[in-house]
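Take a look at the structure below.
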Amino acid sequence: MTTESPATTDLSDDHGDAVRVLDPIFADFGSRDAFHGPVKTLKCFEDNAKVREAVEGPGNGQVLVVDGGGSERCALFGGNLAELAEKNGWAGVVVYGCIRDVAEIETFDIGMKALATHPKKSVKADGGKYDVPVTFAGHTICPGDWLYADRDGIVIADKEL
């Protein structure tokens, strides 16, 4: 069950400096135009083993924020992972990197933002760290922050708004 996400424009207007607005570097790929939830972070580079591990677990309405170092050499997320994310209750996924299987991802009820698409899969070496602060798009995102996303952008808050 999903709840309606507040508009990022309204959050930015109403909360000013209490929210962080990420730089507009992300494209929309999921079937949900808007999504929100508490953040779970993952930092990994060209290795999606821990991304799979994360979405195999219960999402409980969280948003998985993957710091892939902005790599455009392979995809960290694809259709199989989108299916797992939907099945396990993730609200959405934001990838600071690339994804693949866009047509397939769009068939699942999750929010999805990423830098770009890439057909090449990543390695699976089990590298990466969960629940660490990640910094990209002009701001630091911490585990437990709240992320609000829609077609206008991404807003981060220290607490639920």
Side-chain angles (χ1 to χ4, degrees), residues 1-46 48 51 54-55 59-79 81-82 85-86 88-118 122 128 130-161:
M1 175 182 292
T2 61
T3 58
E4 188 172 326
S5 291
T8 57
T9 52
D10 292 341
L11 293 173
S12 178
D13 292 351
D14 295 345
H15 297 279
D17 292 339
V19 298
R20 302 178 304 277
V21 178
L22 297 190
D23 293 344
I25 60 174
F26 294 96
D28 295 298
F29 296 102
S31 67
R32 286 189 194 171
D33 285 340
F35 59 97
H36 71 282
V39 168
K40 179 168 184 69
T41 61
L42 171 58
K43 187 175 183 82
C44 57
F45 187 74
E46 297 182 1
N48 80 341
V51 178
V55 298
N60 300 319
Q62 295 178 96
V63 177
L64 181 61
V65 175
V66 180
D67 180 353
S71 173
E72 294 183 340
R73 297 188 299 199
C74 65
L76 292 174
F77 197 89
L81 300 186
E86 178 193 56
N88 292 319
W90 291 86
V93 180
V94 175
V95 178
Y96 182 54
C98 293
I99 64 169
R100 67 188 204 159
D101 303 322
V102 173
E104 192 176 344
I105 288 171
E106 290 173 343
T107 68
F108 298 107
D109 185 24
I110 62 163
M112 181 83 242
K113 287 189 177 276
L115 295 180
T117 60
H118 198 292
S122 73
Y130 291 116
D131 300 323
V132 294
V134 295
T135 302
F136 54 79
H139 293 281
T140 298
I141 304 167
C142 297
D145 281 348
W146 275 73
L147 183 145
Y148 298 85
D150 61 19
R151 294 181 68 191
D152 287 319
I154 300 174
V155 171
I156 305 294
D158 293 337
K159 60 183 181 170
E160 183 176 10
L161 301 175

Going from [atom1] on [X] to [atom2] on [Y], what distance comes out if it is rounded to the nearest 0.5 angstrom?
X	Y	atom1	atom2	answer
K159	W146	NZ	CH2	12.5 Å
D109	R32	CG	CZ	4.0 Å
F35	L147	CZ	CG	6.0 Å
F45	C74	CZ	SG	7.5 Å

Can you name the closest pair of heavy atoms from [X] and [Y] and give their distance?
X	Y	value
A91	G61	CB-O, 3.5 Å
P133	C142	CB-SG, 4.1 Å
L76	S122	CD2-CB, 4.1 Å

Taking salt bridge (Lys or Arg N to Asp or Glu O under 4.0 Å) as the test, write out the residues that go with E46, two or more places apart.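 Partners of E46 by the salt bridge (Lys or Arg N to Asp or Glu O under 4.0 Å) criterion, ordered by chain and then number, come out as R73.
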
**OP:** Please test I154 against K113 for side-chain contact (heavy atoms from CB on, under 4.5 Å), starting from the C-alpha separation and ending with a verdict.
**Re:** CA-CA 9 Å; I154 300 174; K113 287 189 177 276; 3.5 Å; yes

Among V66, N48, I105, whose side chain to side chain contact (heavy atoms under 4.5 Å, CB included) with F77 holds?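 Result for side chain to side chain contact (heavy atoms under 4.5 Å, CB included) with F77: I105.
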
Have a look at V21 and tell me which of I156, L11, V155 forms a side chain to side chain contact (heavy atoms under 4.5 Å, CB included) with it.
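Of the listed residues I156, L11, V155, the side chain to side chain contact (heavy atoms under 4.5 Å, CB included) partner of V21 is V155.
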
**With Y148 via ring-ring contact (aromatic ring centres under 6.0 Å, His included) - residues at least two apart** =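 Partners of Y148 under the ring-ring contact (aromatic ring centres under 6.0 Å, His included) test: H36.
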
Taking side chain to side chain contact (heavy atoms under 4.5 Å, CB included) as the definition, give me every residue that meets it alongside [X], ordered by chain and number, with sequence neighbours left out.
X	value
D152	T8, T9, D150
C98	E72, A116, H118
K40	Q62, L64, W90, Y130, D131
T107	none

Original post:
Among pairs that include at least one residue of residues 92-103, which meet side-chain hydrogen bond (donor to acceptor under 3.5 Å, both in side chains), considering only residues two or more places apart or in two chains?
Top reply: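 Listed once each, the pairs would be none.
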
- request: Please tell me if the side chains of V51 and V93 come closer than 4.5 Å, counting only heavy atoms from C-beta onward.
  value: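 The answer is no, as the side chains (C-beta and beyond) never meet within the 4.5 Å cut-off.
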
Using only atom types and a distance under 3.5 Å, with no angle test, would you say the side chain of R151 pairs donor to acceptor with the backbone of D28?
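No; zero donor-acceptor contacts below 3.5 Å.
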
(Q) Whether the side chain of T41 engages the backbone of V132 through a donor-acceptor N/O pair (distance < 3.5 Å, no angle test) should be reported. (A)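 Flag set: sc T41 to bb V132 pair under 3.5 Å.
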
Contacts of T135 that satisfy side-chain hydrogen bond (donor to acceptor under 3.5 Å, both in side chains) - sequence neighbours left out: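 For T135 the side-chain hydrogen bond (donor to acceptor under 3.5 Å, both in side chains) partners, ignoring immediate neighbours, are T140.
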
(Q) Show me the pairs that pass salt bridge (Lys or Arg N to Asp or Glu O under 4.0 Å) and involve residues 6-27, at least two apart or across chains. (A)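 As it turns out, the salt bridge (Lys or Arg N to Asp or Glu O under 4.0 Å) pairs with a partner in residues 6-27, which skip direct neighbours, are R20-D145, R20-D158.
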
